[in-house]
Amino acid sequence: MGKFEELRAEHPLFIYHGIELNENKLRYHFSIDEYHFYPEWTFDSLLENSDIPKEHIETLVFSLGMAELVSYWKCACCPNVEIRCGGLSEWQINWWKKLYWNGLGEFFYRNEIHTSFDEFMTITAPKPKPLSAFSRELSGTLVPVGGGKDSVVTLELMRKAGEDITPYIINARGATLGCVKAAGLDCDKAITPRRTIDKTLLERNAAGWLNGHTPFSAVVAFSAMLFGTIKGVRYIALSNESSANETYVEGANINHQYSKSTEFERDFRDYCQKTFGEFGTVPEYFSLLRPLSEWQIAREFVKYPQYFGVFQSCNLGSKTNVWCCNCAKCLYVYILLAAFLDDDTLCGIFGCNMLEKTELSEMFDGLILDGEDKPFECVGTKNEVRLSLKMALDKRADNPPALLKRFAEKFAGYKPITLDNYFDKNNFVPQKFVPLLESLNDEH
């Protein structure tokens, strides 16, 4: 019997007990037998003088807890989940199961867990209470800022559109605040909640319980909907691109970025409409960059050198606000930018020339070779990487660094697929912003 089966047999029940909410703190209570978890969100007094009916706030808060739940459930993968502090219809239960199932695809794969959609979890909950109708005027756009190039491009495009922007930052750090300042926005007007993971979960992980990737972007979505609704914004503009839809494992539907995918975006919009109210009463959630490829986003990003010294999207280096220069995310971003920037500029950003790091050859191959699994990081398609490498090689033909030589050997005579005019029509961008995106291709 494997660890998954052992833990499920020993711990058959996960309970979502309750929620504590006051002016500046939100505290959830989950449990697995004698182990209790109390994840918290702390924030400024956004709830003060809110004109939103209490039951609407409670439903938004409860739903954020459902998004948080999976991070705690996964340590033992209890077969039964009991909801004691909110209601769910059968449709909603199936919605949450689908999010957990697809969002845990990488977790199941890397932990060698073999189960099925019907068997991995059973959710029981009371029926939900109907919400009263209410209406109000909404204005402005909430933009989640992660500190990387994608949210920078969204900030700049929304500025160009003349939108009143409210930055949204979970666990603010140097890169996120630096990007807000570089955009000319007031950090004091940003919504900056702090999210805390309960230490009991970390202790269970250290004790050998299961661990792995969960759909964190769903937490971003539900928390942005909560704070955006309280703030009264018209839109929540994400920065997820077309490339986020691609599988990471050859021959399998396993996506590290599932909760950044178009499928999740469609499902989330549907959930919001059916659970919280029509768009116009609550904010409309969409990804501004969905029609674009990562390569096009990089092409746009390099127009804004004021961000070069502050942006940062390395997960390993996030706490100290540095590029670690040893992970797939750093290598990927470096390659994209190498298509457009010179070595001196890149070394000024990253602190080294990553295309000289032969010790990253295996990781490099995973980014470019068909038949090789992509590294489990937020990285784009292999076509995008190969196009960027071909452009980088052409710029450095006289003296190519080691990894560009490796690319040239493996792809002699390679003619990359052009992405100059790429535009994914499978998107939910409001019509008022579509000409802005189309103009990006017209500029080149």
Side-chain angles (χ1 to χ4, degrees), residues 41 43 64 67 71 103 141-159 165-183 185 187 189-197 213-228 233 235-244 255-261 264-265 268 285-290 292 294 297-298 300-301 304 306-324 327-330 332-334 336-337 349-350 376-380:
W41 290 71
F43 39 81
L64 174 56
S71 294
T141 299
L142 188 79
V143 177
V145 179
K149 64 183 179 359
D150 297 355
S151 54
V152 162
V153 171
T154 295
L155 285 173
E156 287 297 326
L157 292 177
M158 283 299 181
R159 271 165 40 96
I165 299 169
T166 299
Y168 176 61
I169 307 171
I170 301 173
N171 294 347
R173 58 190 177 94
T176 48
L177 294 173
C179 287
V180 169
K181 291 175 183 175
L185 300 172
C187 288
K189 293 183 179 178
I191 297 175
T192 57
R194 291 210 62 82
R195 173 180 179 257
T196 305
I197 297 172
H213 182 74
T214 58
F216 174 70
S217 295
V219 172
V220 176
F222 278 97
S223 63
M225 184 57 65
L226 168 63
F227 292 111
V233 299
Y235 299 109
I236 297 171
L238 276 290
S239 305
N240 304 321
E241 75 297 325
S242 175
S243 316
N255 186 355
H256 174 81
Q257 302 188 81
Y258 173 73
S259 51
K260 292 184 177 181
S261 69
F264 172 76
E265 185 176 337
F268 182 72
Y285 172 100
F286 70 97
S287 179
L288 182 67
L289 306 185
R290 183 69 69 194
L292 306 178
E294 277 272 36
I297 294 166
E300 182 66 16
F301 171 76
Y304 309 109
Q306 67 267 34
Y307 294 96
F308 289 178
V310 294
F311 92 107
Q312 193 272 337
S313 52
C314 168
N315 293 319
L316 294 174
S318 61
K319 290 184 179 178
T320 52
N321 219 56
V322 298
W323 297 91
C324 79
C327 72
K329 186 62 177 285
C330 284
Y332 169 70
V333 176
Y334 194 102
L336 279 184
L337 297 184
I349 295 170
F350 291 86
F376 283 113
E377 283 278 6
C378 292
V379 297

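These values consider heavy atoms only, across backbone and side chains, with no hydrogens, waters or symmetry-generated copies. Quick caveat: nothing in here was measured; it's all calculated off a predicted structure.
In this pair, F311 and F350 present their aromatic rings perpendicular. The plane angle is above 60°, beyond the 30 to 60° band. Taking the six-membered ring where tryptophan is involved, the planes of F308 and F301 are tilted, since the angle between them lies from 30° to 60°.
Across all their heavy atoms, S151 and P144 have their closest contact at CB-O, 3.7 Å. Smallest separation of non-hydrogen atoms from M158 and A237: CE-CB, 3.6 Å. Across every non-hydrogen atom of L292 and E241, the tightest pair is O-CB, 3.4 Å. When all heavy atoms of R195 and V219 are compared, the pair lying nearest together is NE-CG1, 3.9 Å.
To the nearest 0.5 Å, atoms CG (L155) and SG (C179) are separated by 7.5 Å. The SG atom of C314 lies 7.5 Å from the CH2 atom of W323; values are rounded to the nearest 0.5 Å. In this structure, CG on N240 lies 8.0 Å from CG on D150, to the nearest 0.5 angstrom. Between the CG atom in L238 and the CG atom in L142 there is a gap of 9.0 Å [rounded to 0.5 Å]. Here E294 contributes atom CD and L336 contributes atom CG; the two are 6.0 Å apart, rounded to the nearest 0.5 Å. To the nearest 0.5 Å, the span separating CG on L289 from NZ on K149 amounts to 9.5 Å.
Take T154 and apply the side-chain hydrogen bond (donor to acceptor under 3.5 Å, both in side chains) test, not counting sequence neighbours, and it matches S239. Scanning for ring pair (Phe, Tyr, Trp, His ring centres under 6.0 Å) contacts around F264 gives F268, with sequence neighbours left out. For F286, the ring pair (Phe, Tyr, Trp, His ring centres under 6.0 Å) criterion is met by Y235, F433, not counting sequence neighbours. Not counting sequence neighbours, the partners of L177 by the side chain to side chain contact (heavy atoms under 4.5 Å, CB included) test are I169, A172, C187. Every salt bridge (charged side-chain N to carboxylate O under 4.0 Å, His left out) that R159 has, sequence neighbours left out, goes to E156. Annotation: side-chain hydrogen bond (donor to acceptor under 3.5 Å, both in side chains) contacts of Y285 (sequence neighbours excluded): none.
Residues I197 and S71 form no side-chain contact, since every pair of their non-hydrogen atoms from C-beta on lies 4.5 Å or further apart. Annotation: side chain of W41 is in contact with side chain of I170 (closest heavy-atom distance under 4.5 Å). No side-chain heavy atom of C327 sits under 4.5 Å from any side-chain heavy atom of Y332.
Side-chain atoms of R290 do not come within 3.5 Å of backbone N or O of S242 as any donor-acceptor pair. Remark: the backbone N or O of V153 is not paired with any side-chain donor or acceptor of E300 at under 3.5 angstrom.
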Residue pair V233, F227: steps toward the side chain to side chain contact (heavy atoms under 4.5 Å, CB included) verdict: CA-CA 9 Å; V233 299; F227 292 111; over 6 Å; no

